Participant: 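Below are the structure tokens for one structure; questions will follow.
Fair warning: this is a prediction, and the values are worked out from it, not measured in the lab. Hydrogens, waters and symmetry mates play no part in the numbers below; they use all other heavy atoms, side chains included.
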Amino acid sequence: HHQLPPVIKNMAFQKYSNMEQSLFTRLVRLGIPLIQLDGQGRSRSSICELYKWRYNKLDDLPHIKQWPEYQRGNAGFVYDYQLINVENFNGVGESEPNPYFYQNLGEAEYVVAVYMYMRLLGYPAEKISILTTYNGQKLLLRDVATRRCSDNPMIGLPHKITTVDKYQGQQNDYVLISLVRTKTVGHLRDVRRLVVAASRARLGLYIFGRVSLFKNCFELRPTF
């Protein structure tokens with residue numbers, strides 16, 4: 001229940017029947033005895049630090065300390081995870097070509113450039129996923145990646161380009177995330193969405209966004 005609830009598209013059911021509240025959340029709120037997740041076997045310990053504060057007691061399973069891929073650094077990167085500041089590109093930050101259809105061309109170009117850099121260093125395409133918090137940015141990322149990468153046999157397309165919400169329950173070794181917004185925090189303010197975003201990567205997590213905006217958001221501060 002610390003991750004995202006179901007998406008209810010019918011507003012009547014959502015608002016008046018409270019159907020976006022999952023069954024597990026209902027049981028927790030009713031005080032039913034529960035066992036909460038206390039061991040994770042996906043992320044490096046350093047990446048797990050970004051979201052473990054949301055759980056009562058979340059420790060690493062033994063293989064996180066033992067398997068060789070967790071002992072190695074990420075080639076070509078100084079850090080296991082990094083928050084990369086993206087300023088305006090050609091004078092523009094976020095744009096909204098249609099209502100609630102948010103895009104950020106500067107972040108899209110930056111994310112795809114880092115993906116291409118990883119491919120040239122030898123990272124397998126299927127080990128890299130690109131995520132974003134908005135559908136508009138997902139389509140823009142796909143356009144940029146198709147234009148820059150699809151015709152180049154040395155690069156090709158990443159394993160997936162999709163939204164954080166759609167990627168819940170999935171994982172990959174390396175995850176690049178575009179936060180899109182530059183004026184207001186938007187729906188990443190829901191801490192459950194932040195937990196999903198920060199917990200998809202096994203070995204490397206690289207987040208692109210407007211640092212000055214997100215670091216001042218009270219709800220997200222423990223991670224940022």
Side-chain angles (χ1 to χ4, degrees), residues 46-47 50-51 74-121 123 125 128-150 155 157-167 172-191 193-201 203-224:
S46 55
I47 295 175
L50 297 175
Y51 57 87
N74 297 337
F77 291 97
V78 177
Y79 305 108
D80 299 334
Y81 62 86
Q82 193 169 351
L83 178 60
I84 297 141
N85 186 48
V86 184
E87 291 297 341
N88 287 354
F89 178 60
N90 293 335
V92 180
E94 70 174 63
S95 59
E96 195 178 358
N98 296 312
Y100 308 110
F101 191 80
Y102 295 102
Q103 296 186 325
N104 186 320
L105 182 58
E107 283 185 21
E109 292 283 6
Y110 205 152
V111 169
V112 172
V114 171
Y115 165 71
M116 294 168 71
Y117 166 74
M118 294 175 74
R119 291 290 293 123
L120 293 173
L121 286 177
Y123 288 87
I128 305 169
S129 293
I130 297 177
L131 305 182
T132 182
T133 44
Y134 289 91
N135 276 315
Q137 185 73 347
K138 173 189 74 177
L139 298 174
L140 182 59
L141 282 162
R142 287 178 179 174
D143 284 348
V144 173
T146 300
R147 190 169 73 247
R148 301 232 181 278
C149 310
S150 60
I155 297 176
L157 293 173
H159 171 67
K160 256 190 188 151
I161 300 175
T162 188
T163 59
V164 169
D165 294 39
K166 283 267 170 54
Y167 208 65
N172 211 340
D173 285 3
Y174 306 96
V175 174
L176 312 177
I177 301 179
S178 167
L179 299 180
V180 188
R181 303 302 294 274
T182 57
K183 296 172 184 169
T184 58
V185 171
H187 65 199
L188 194 70
R189 196 180 284 275
D190 186 331
V191 176
R193 184 168 283 106
L194 178 73
V195 169
V196 173
S199 61
R200 298 305 97 201
L203 306 175
L205 176 68
Y206 301 97
I207 299 179
F208 301 76
R210 186 63 54 88
V211 171
S212 59
L213 173 68
F214 288 97
K215 77 175 183 184
N216 290 322
C217 177
F218 174 78
E219 293 91 336
L220 311 180
R221 194 170 290 157
T223 292
F224 278 92

Participant: Under the rule for salt bridge (Lys or Arg N to Asp or Glu O under 4.0 Å), what residues qualify as partners of Asp190, not counting sequence neighbours?
Facilitator: Arg192
Participant: Name all residues meeting the side chain to side chain contact (heavy atoms under 4.5 Å, CB included) criterion together with Asn216; count only those two or more places apart in sequence or in a different chain, and write none if there are none.
Facilitator: none
Participant: For Asn74 and Tyr206, what are the C-alpha separation, side-chain angles and deciding distance, and is it a side-chain hydrogen bond (donor to acceptor under 3.5 Å, both in side chains)?
Facilitator: CA-CA 11 Å; Asn74 297 337; Tyr206 301 97; 3.0 Å; yes
Participant: Looking only at side-chain N and O atoms, does Thr132 offer a donor or acceptor that is under 3.5 Å from a partner on Gln137?
Facilitator: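 Looking only at side-chain atoms, Thr132 and Gln137 do not form any donor-acceptor pair under 3.5 Å.
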Participant: Checking side-chain contact (heavy atoms from CB on, under 4.5 Å) for the pair Asn85/Arg210: CA distance, chi angles, key distance, verdict?
Facilitator: CA-CA 5 Å; Asn85 186 48; Arg210 186 63 54 88; 4.1 Å; yes
Participant: Applying side-chain contact (heavy atoms from CB on, under 4.5 Å) between Tyr134 and each of Gln103, Arg181, Glu96, report the one that passes.
Facilitator: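 Checked Gln103, Arg181, Glu96 against Tyr134; only one passes side-chain contact (heavy atoms from CB on, under 4.5 Å): Arg181.
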Participant: With sequence neighbours left out, what residues match Arg189 under side chain to side chain contact (heavy atoms under 4.5 Å, CB included)?
Facilitator: Val185, Cys217, Glu219
Participant: Could you walk me through whether Ser95 and Tyr102 pass the side-chain contact (heavy atoms from CB on, under 4.5 Å) check?
Facilitator: CA-CA 6 Å; Ser95 59; Tyr102 295 102; over 6 Å; no
Participant: Using a cut-off of 6.0 Å, state whether more than 12 heavy atoms not belonging to Tyr79 lie near its atom OH.
Facilitator: no
Participant: Hey, is the main chain of Ala75 close enough, under 3.5 Å, to the side chain of Tyr123 for a donor-acceptor pair?
Facilitator: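 Side chain of Tyr123 to backbone of Ala75: a pair is present.
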Participant: In chain order, what residues pass the side-chain hydrogen bond (donor to acceptor under 3.5 Å, both in side chains) check against Lys160, with sequence neighbours excluded?
Facilitator: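 Gln170.
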Participant: With sequence neighbours left out, write down each residue that passes side chain to side chain contact (heavy atoms under 4.5 Å, CB included) with Ala197, or none if nothing qualifies.
Facilitator: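 Result, side chain to side chain contact (heavy atoms under 4.5 Å, CB included) vs Ala197: Val164, Ile177.
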Participant: How long is the straight-line distance from CG of Leu50 back to OG of Ser199, given to the nearest 0.5 Å?
Facilitator: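 Output value for this atom pair is 10.0 Å.
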Participant: With sequence neighbours excluded, what pairs up with Arg200 under the salt bridge (Lys or Arg N to Asp or Glu O under 4.0 Å) test?
Facilitator: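 Salt bridge (Lys or Arg N to Asp or Glu O under 4.0 Å) list for Arg200, sorted by chain: empty.
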Participant: Is Glu109 salt-bridged to Arg148, going by a charged N under 4.0 Å from an acidic O?
Facilitator: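 Yes, Glu109 and Arg148 are salt-bridged.
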Participant: Parallel, tilted or perpendicular for Phe224 and Phe214, by the 30°/60° rule?
Facilitator: parallel
